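These notes concern the structure reproduced below.
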Amino acid sequence: MFTEAVRALAACQRPVIVALALLPVTLVTAACLPAVLLLPAFPGGVRRLTTLLAQLRRWTETVLTRA
């Protein structure tokens, strides 16, 4: 019985780690939403927005591939 519980916990270990690691990335993405809406209206804003979105994408990929 105990070994079955350990196997079940081991099976769900990776999804739990990924979910916990995605929480900060999700919060940062939500905090950046005003910038996503406003930056294109400013001079040079599209370039800065592209950099911001690329960084968010890299963080998400890192969490999903290395967790």
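Numbering starts at 1 and runs along the sequence shown. Since the model is a prediction, treat every value here as computed from it, not as a measurement.
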Problem set entry | Shortest non-hydrogen contact between P40 and A35, atoms and distance | CD-O, 4.1 Å
For this session: Could you grab the distance from atom CG of L53 to atom CZ of R58, nearest 0.5 Å is fine?
Result: 10.5 Å
For this session: State which residue, out of V63, T62, L64, fulfils the side-chain contact (heavy atoms from CB on, under 4.5 Å) condition with T60.
Result: L64
Problem set entry | Test item: L20 and L23 side chains (from C-beta on) under 4.5 Å apart, heavy atoms | yes
Exercise. With L49, which of L38, L37, V36 fulfils side-chain contact (heavy atoms from CB on, under 4.5 Å)?
Worked result: V36
Seminar exercise, completed: Taken in chain and number order and not counting sequence neighbours, the residues that satisfy side chain to side chain donor-acceptor pair (under 3.5 Å) with R47 are none
Seminar exercise, completed: Here the gap from L22 atom CG to L27 atom CG, rounded to the nearest 0.5 Å, amounts to 11.0 Å
Exercise. Do you reckon L39 sits in the same ILVMFWY cluster as V28, going by side-chain contacts under 4.5 Å, direct or chained?
Worked result: yes
Problem set entry | salt bridge (Lys or Arg N to Asp or Glu O under 4.0 Å) partners for R57, two or more places apart | E61
Problem set entry | For Q13, side chain to side chain donor-acceptor pair (under 3.5 Å) partners two or more places apart | none
Exercise. Is there side-chain contact between V25 and L56, with at least one heavy-atom pair below 4.5 Å?
Worked result: no
